[in-house]
Asker: 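The structure under discussion is supplied below as structure tokens; questions concerning it will follow.
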2 protein chains.
Amino acid sequence: MESSGEAGTYAHDVLAVVLRITEAVPSVLLWQRAREPQAGRWSLPAGRLGPDEDVEASVRRHLAEKVDLAEVAHVEQLGVFSDPHRGPPPRRVATAFLGLVPTDADPAVPDDTAWHRVDALPPTAFDHGVITRDGLDRLRAKLSYTNIGFALAPATFTVSELRDLYAAALGHRVSATNLQRVLTRRGVLVPTGATAAPGPAGGRPAATFRFCEHALRVTDPFAALRPPGDGG
Amino acid sequence: MESSGEAGTYAHDVLAVVLRITEAVPSVLLWQRAREPQAGRWSLPAGRLGPDEDVEASVRRHLAEKVDLAEVAHVEQLGVFSDPHRGPPPRRVATAFLGLVPTDADPAVPDDTAWHRVDALPPTAFDHGVITRDGLDRLRAKLSYTNIGFALAPATFTVSELRDLYAAALGHRVSATNLQRVLTRRGVLVPTGATAAPGPAGGRPAATFRFCEHALRVTDPFAALRPPGDGG
DNA sequence: GCAAAAGTGTTTGAAGTACACCCATGT
DNA sequence: ACATGGGTGTACTTCAAACACTTTTGC
């Protein structure tokens, strides 16, 4: 048992929506609660904020218990969830993060932990279903105006493979032709020079690419109201 | 004096970057600390998260002590600031918000509180300078792809007046011609039918407009990778 | 009439979608 | 040969910036 602490102080949790594209659909990393509260339901990886770390360091520390951190290609803050009744007392405040894992990493996970398709979530604990949805919305938005794809894609890939990743994440068809042009114009894709072998049915060998940078960059900063003399 | 509370719990603060365009420049609402820590320095409006409120309710409650809440046209979460050394012990975690006040409101503020131009901030307490910058960056970004201008503009206005607001907030020249076309095309401006009287130097009377909605709406959701058959 | 400010028309360019067509490989 | 998938070329659309020109006022 734990007491509720001094008046005006709250346990602060950090939690992570870790997404990965699997089987042409986004999946989120969840673990099944063995004990109350909410035994049997599925939770996002989470943990208590420690005294000598900020929330980002904390979420990385806790994530390391569920996945190899080296395979989490990007982490960013989603926001604070603080409804006083978001869980049973004592009251907890949580800072949520979005984490992304490339498809070529297949991190080992503990027995109680598994990837779940976001379109068919199992019963989730507390507000974790809502938070997962927020994470996916953030990813979808940023695919359009940043290079965040680097965190979903393998080290090298063909445009077709990348197209499938984007289509899975966005939930709608994506044209390989246009995807290549958009990302090339923005300078986020670099050809490796190598080509991939065709499949068993034949076809022209595909050129392979990689992302130029592996840090988040906004590639389409504003659609309108740019400073004068800035092109357009 | 206050103790540091039970291990693993932290005081949670909420604070607000309240912005308003004054004298053709963005200003932020700050109050001067009378007591240690950081006596004499200027702080963002802030307060402790209460036991029965979420962070947004809390920031509204604390803001009400500094400004008339009815004059804050928009509030949104910026993020969590949690560096263990962002202030003196005991450690405090803070959720920051952005608040916007229209130019036609001139809220009464307490004696210790004043608007300060963001381009000439006085010495700020803790990390409040950085947080202020974050708030301004958020405002600038959203001016381009949302209708957030409604929260800066008076109830009705001419396009010239609106142009001056946008230019002040963005920090660069804005063309009234193009501003009107962009906002009209997006359906965020509505003509009132009335016209404003010309100034003493003459000139054609300006038509007046108002914002169609007074809730935040994303008007330019994605520049690229839209679903097929969605125009383009 | 003239200056000042508002507003419209039009040109230019960039970005993105759609689609036709060519290329390289396997069987 | 021909099917299969990869890639380029190009037309079309939308959006927004730039700028010339017209409109309506005060003096």
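Values below: every heavy atom of this structure, side chains too, minus hydrogens, waters and symmetry copies. What you see is a predicted model; the values in this text were computed from it and never measured.
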Asker: Answer yes or no: is there a donor N or O on one side and an acceptor on the other, between the side chain of A:T113 and the main chain of A:V109, under 3.5 Å?
Answerer: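 Judged by distance alone, no pair lies under 3.5 Å.
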
Asker: Does some side-chain heavy atom of A:L143 sit less than 4.5 Å from a side-chain heavy atom of A:L170?
Answerer: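 Yes, their side chains come closer than 4.5 Å.
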
Asker: Within the side chain of A:R20, is there an N or O that forms a donor-acceptor pair under 3.5 Å with the backbone of A:A105?
Answerer: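 At least one qualifying donor-acceptor pair exists.
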
Asker: Would you classify B:A176 as touching base, sugar-phosphate or nothing, given that sugar-phosphate means primed atoms plus P, OP1 and OP2, and contacts are heavy atoms under 4.0 Å?
Answerer: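 Nothing, no heavy atom under 4.0 Å.
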
Asker: What are the residues of residues 158-174 of chain B, sorted by number, that bring a heavy atom to within less than 4.0 Å of DNA chain C?
Answerer: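 Listed by number, they are B:S160.
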
Asker: Is A:D54 salt-bridged to A:R60, cutoff N-O under 4.0 Å?
Answerer: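 No.
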
Asker: State whether the side chain of A:N178 and the backbone N or O of B:L225 hold a donor-acceptor pair below 3.5 Å, judged by distance alone.
Answerer: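 Answer holds: no.
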
Asker: State whether the side chain of B:D127 and the backbone N or O of B:R86 hold a donor-acceptor pair below 3.5 Å, judged by distance alone.
Answerer: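 Looks like no, no N/O pair under 3.5 Å.
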
Asker: Taking NZ, NE, NH1 and NH2 as the nitrogens, is one of them in B:D134 or B:R138 under 4.0 Å from a carboxylate oxygen of the other?
Answerer: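 No salt bridge links B:D134 with B:R138.
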
Asker: Does any donor-acceptor pair link the side chain of B:R181 with the base of C:dT10 at a separation under 3.5 Å?
Answerer: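 By the distance-only test, yes, there is a pair.
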
Asker: What contact category does A:A197 fall into here, base, sugar-phosphate, or nothing, at under 4.0 angstrom with non-hydrogen atoms?
Answerer: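 Contact class for A:A197: none.
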
Asker: Rounded to whole angstrom units, what separation is found between the CD atom of B:Q180 and the P atom of D:dC15?
Answerer: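 It works out to 17 Å between those atoms.
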
Asker: Identify which nucleotide among D:dC19, C:dG16, D:dA17 has an atom closest to any side-chain atom of B:N178, counting heavy atoms from C-beta outward.
Answerer: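 Shortest atom-to-atom distance from the side chain points to D:dA17.
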
Asker: Can you measure A:L179 atom CG to D:dG5 atom C1' for me and round it to whole angstrom units?
Answerer: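 These atoms are roughly 16 Å apart.
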
Asker: Using the side-chain heavy atoms of A:V182, tell me which of these nucleotides is nearest: D:dT8, C:dT17, C:dT8.
Answerer: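 Among the listed nucleotides, the one closest to the side chain of A:V182 is C:dT17.
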
Asker: Starting from P on D:dA18, measure out to CG on A:L225 and report it in whole angstrom.
Answerer: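 In whole Å, D:dA18 P lies 11 Å from A:L225 CG.
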
Asker: Tell me which pairs pass side-chain hydrogen bond (donor to acceptor under 3.5 Å, both in side chains) where either residue lies in residues 198-212 of chain A, with sequence neighbours left out.
Answerer: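 The answer is A:T192-A:T208.
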
Asker: With respect to the side chain of A:R226, which nucleotide from C:dG16, C:dT8, D:dA16 is positioned closest?
Answerer: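 Out of C:dG16, C:dT8, D:dA16, the nucleotide with an atom closest to A:R226's side chain is D:dA16.
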
Asker: Provide a list of protein-nucleic acid N or O atom pairs under 3.5 angstrom, restricted to nucleotides 1-4 of chain C.
Answerer:
none

Asker: Figure out the CZ/P separation between A:F222 and C:dA15, and round it to whole Å.
Answerer: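 These atoms are roughly 13 Å apart.
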
Asker: As a test of reading the structure: which of C:dG16, C:dA18, D:dG6 is closest to the side chain of A:A206, going by heavy atoms?
Answerer: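 Nearest listed nucleotide: D:dG6.
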
Asker: Just the rounded figure in Å: distance from C1' of D:dC15 to CZ of B:R186.
Answerer: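 Taking CZ of B:R186 and C1' of D:dC15, I get 9 Å after rounding.
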
Asker: Can you check whether A:T132 reaches A:T124 side chain to side chain, under 4.5 Å on heavy atoms?
Answerer: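 A side-chain contact under 4.5 Å is absent here.
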
Asker: With DNA chain D as reference, determine whether A:T177 or B:P205 sits nearer its 5' end, using the nearest nucleotide of each.
Answerer: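 Looking at DNA chain D, the more 5' nearest nucleotide goes with A:T177.
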
Asker: For A:D220 and D:dC15, what is the distance between atoms CG and P respectively, to the nearest whole Å?
Answerer: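 To the nearest whole Å, that distance equals 14 Å.
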
Asker: Please find the pair of heavy atoms, one from B:G149 and one from B:F211, that lie closest to each other, and give the distance.
Answerer: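 So the two residues come closest at C-CZ, 3.5 Å.
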
Asker: What's the CG-C1' distance between A:L183 and C:dT17, to the nearest Å?
Answerer: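 About 15 Å, once rounded to whole Å.
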
Asker: Under 4.0 Å between any heavy atoms, over every strand shown, what does B:A207 touch: base, sugar-phosphate, or nothing? Just pick one.
Answerer: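 Sugar-phosphate contact only - B:A207 comes under 4.0 Å of backbone atoms but never of a base.
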
